[in-house]
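Working notes, beginning with the structure itself.
What you see is a predicted model; the values in this text were computed from it and never measured.
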Amino acid sequence: MFSDILSESTERINQTTLLLNQIRTLDEKTERSLNELLKIQKGIFFVSLYAALEYSIINSCSKFLSLIEGDGYYPLRFKNKLLCVLLDPEFNSVIDCGKKKVWEKKEGLIEKVFSDQPIHIDNTVFPSDGINIGKKQLTDVWTFMHLPGDPIPNGENEWYLKEIKEHRNAIAHGRVTAAEVGKRYTYYELEKRHIFISNLCGHVISSFESHASNHSYLKETA
């Protein structure tokens, strides 16, 4: 069901693996020019890790929304917080309209909530604040999608996520160079972060897949 997402996510993880292997090779050499290249690659490694996670979470959300639209359920069959996602266009209509149309838009929202027609779902809606993926954004996704379990697997060091996000942003926005970030880390420290992101991406995808398969996003019926 989510095999295409898993395949693309794995491809991105494999790219980080190749980069990590190159870092290990360079780490074993002593030439000054190679040492500078090593620092740069270590910094870029954080960008690559972040990219794998962002792809996994955004595309898992999109795939999940596409799948549940195909079930043909009416709005009140879904759990309450999920309706914040499914009715996003209607909520935005109320928020964005002027005073002259606000009651008309409110009426349209309520009619949609209680409709007995299958709901049309925009699969590009992402239930968070639009800021780069961190613990808060993952928690928002788990909350509004009613995903079971925790957003970060037990035993994983969630501080790695904050660190990866901050380094990625700092490099991508030009606040620091990749070499400035990379010089702070050994190969083995980067390997730990690689394992963390690989496990987290797998956890995200499998959580969405089981959620879709088990229909655990639906309200229980008497």
For this session: Would you please test I171 and T177 for side-chain contact (heavy atoms from CB on, under 4.5 Å) and show each step?
Result: CA-CA 6 Å; I171 293 169; T177 66; over 6 Å; no
Exercise. Stepwise, does the side-chain contact (heavy atoms from CB on, under 4.5 Å) test hold for L53 with L161?
Worked result: CA-CA 10 Å; L53 176 60; L161 177 57; 3.3 Å; yes
For this session: Take V141 and C61, measure what side-chain contact (heavy atoms from CB on, under 4.5 Å) needs, and give me the verdict at the end.
Result: CA-CA 8 Å; V141 169; C61 281; 3.8 Å; yes
Problem set entry | Evaluation steps, side-chain contact (heavy atoms from CB on, under 4.5 Å), between L82 and I68 | CA-CA 11 Å; L82 183 53; I68 66 176; 4.2 Å; yes
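The ring-ring contact (aromatic ring centres under 6.0 Å, His included) search around F144 returns none, not counting sequence neighbours. For the side-chain hydrogen bond (donor to acceptor under 3.5 Å, both in side chains) test, residues two or more places apart in sequence or in another chain that qualify with D71 are Y217. Looking at residues two or more places apart in sequence or on another chain, you find no salt bridge (Lys or Arg N to Asp or Glu O under 4.0 Å) involving D96. When the ring-ring contact (aromatic ring centres under 6.0 Å, His included) test is applied to F46, the partners found at least two apart in sequence or on another chain are H167, Y185. For E166, the salt bridge (Lys or Arg N to Asp or Glu O under 4.0 Å) test picks out K162, with sequence neighbours left out. With sequence neighbours left out, the side-chain hydrogen bond (donor to acceptor under 3.5 Å, both in side chains) criterion links S60 to no other residue. E209 pairs by the side-chain hydrogen bond (donor to acceptor under 3.5 Å, both in side chains) definition with nothing, not counting sequence neighbours. K101 pairs by the side-chain hydrogen bond (donor to acceptor under 3.5 Å, both in side chains) definition with nothing, not counting sequence neighbours.
Between P153 and L200 the shortest heavy-atom distance is CD-CD1, 4.0 Å. Across every non-hydrogen atom of I197 and L49, the tightest pair is CG2-O, 3.7 Å. In this structure, K42 and D27 approach most closely via the heavy-atom pair NZ-OD1, 4.1 Å. Smallest separation of non-hydrogen atoms from V204 and S56: CG1-O, 4.0 Å. Contact record, I13 with C201: CD1-SG, 4.2 Å, taken as the closest heavy-atom pair. Annotation for I57 and W142: closest pair CD1-CZ3, 4.5 Å, computed over non-hydrogen atoms.
Within the 3.5 Å criterion, the main-chain N or O of H120 finds no donor-acceptor partner in the side chain of E69. For S62 (side chain) and I58 (main-chain N/O), no donor-acceptor pair under 3.5 Å exists by modelled atom type. Between the side chain of R24 and the main chain of L20, no donor-acceptor pair closer than 3.5 Å is present. A donor-acceptor pair is defined here as one N or O able to donate and one able to accept, closer than 3.5 Å; no such pair exists between the side chain of S216 and the backbone of A212. Q137 places a side-chain N or O within donor-acceptor distance of the main-chain N or O of G134, the cut-off being under 3.5 Å. The backbone N or O of S3 lies less than 3.5 Å from no partner atom in the side chain of S7, so there is not a single donor-acceptor pair. Within the 3.5 Å criterion, the main-chain N or O of L218 finds no donor-acceptor partner in the side chain of Y73.
Using a 4.5 Å cut-off between side-chain heavy atoms of Ile, Leu, Val, Met, Phe, Trp and Tyr, with links allowed through other members, L76 and V85 fall into the same hydrophobic cluster. Residues L26 and L18 are members of separate hydrophobic clusters, defined by side-chain heavy-atom contacts under 4.5 angstrom among Ile, Leu, Val, Met, Phe, Trp and Tyr. No path of Ile, Leu, Val, Met, Phe, Trp and Tyr side chains, each step under 4.5 Å between heavy atoms, connects I95 with I110, placing them in separate hydrophobic clusters. Hydrophobic clustering, with ILVMFWY side chains joined whenever heavy atoms are under 4.5 angstrom apart, keeps Y55 apart from I195.
Applying the salt bridge (Lys or Arg N to Asp or Glu O under 4.0 Å) test to pairs two or more places apart or on separate chains, none has a residue in residues 142-156. Residue pairs meeting the salt bridge (Lys or Arg N to Asp or Glu O under 4.0 Å) criterion with at least one partner in residues 118-143, sequence neighbours excluded, are D129-K136, K135-E158, K136-D140. For residues 104-117, the set of pairs meeting the side-chain hydrogen bond (donor to acceptor under 3.5 Å, both in side chains) definition, not counting sequence neighbours, comprises E90-K112. Counting only residues at least two apart or on different chains, the salt bridge (Lys or Arg N to Asp or Glu O under 4.0 Å) pairs with a member in residues 177-201 are E163-R193.
At a threshold of 4.5 Å between non-hydrogen side-chain atoms, the residues L86 and P75 do not count as touching. Contact check for F208 versus M145: side-chain heavy atoms found under the 4.5 Å cut-off. Taking the side chain as every heavy atom from C-beta outward, F2 and N59 never approach each other to under 4.5 Å.
The OG1 atom of T16 sits 3.0 Å away from the NE2 atom of H194 when rounded to the nearest 0.5 Å. A distance of 9.0 Å separates CG of L19 from CG of L190, quoted to the nearest 0.5 Å. Taking OG of S210 as the start and CE of M1 as the end, the distance is 9.5 Å to the nearest 0.5 Å. N157 contributes atom CG, which lies 9.0 Å from atom CD1 of I152 (distance to the nearest 0.5 angstrom). Taken to the nearest 0.5 Å, the CD1 atom of I205 stands 3.5 Å off from the OG atom of S9. Here the CG atom belonging to N21 is positioned 10.5 Å from the CG atom belonging to N14, to the nearest 0.5 angstrom.
For N80 and K219, the side-chain atoms include at least one donor-acceptor pair closer than 3.5 Å.
Taking the six-membered ring for Trp and thresholds of 30 and 60 degrees, F64 and H211 have nearly parallel ring planes, at less than 30 degrees apart.
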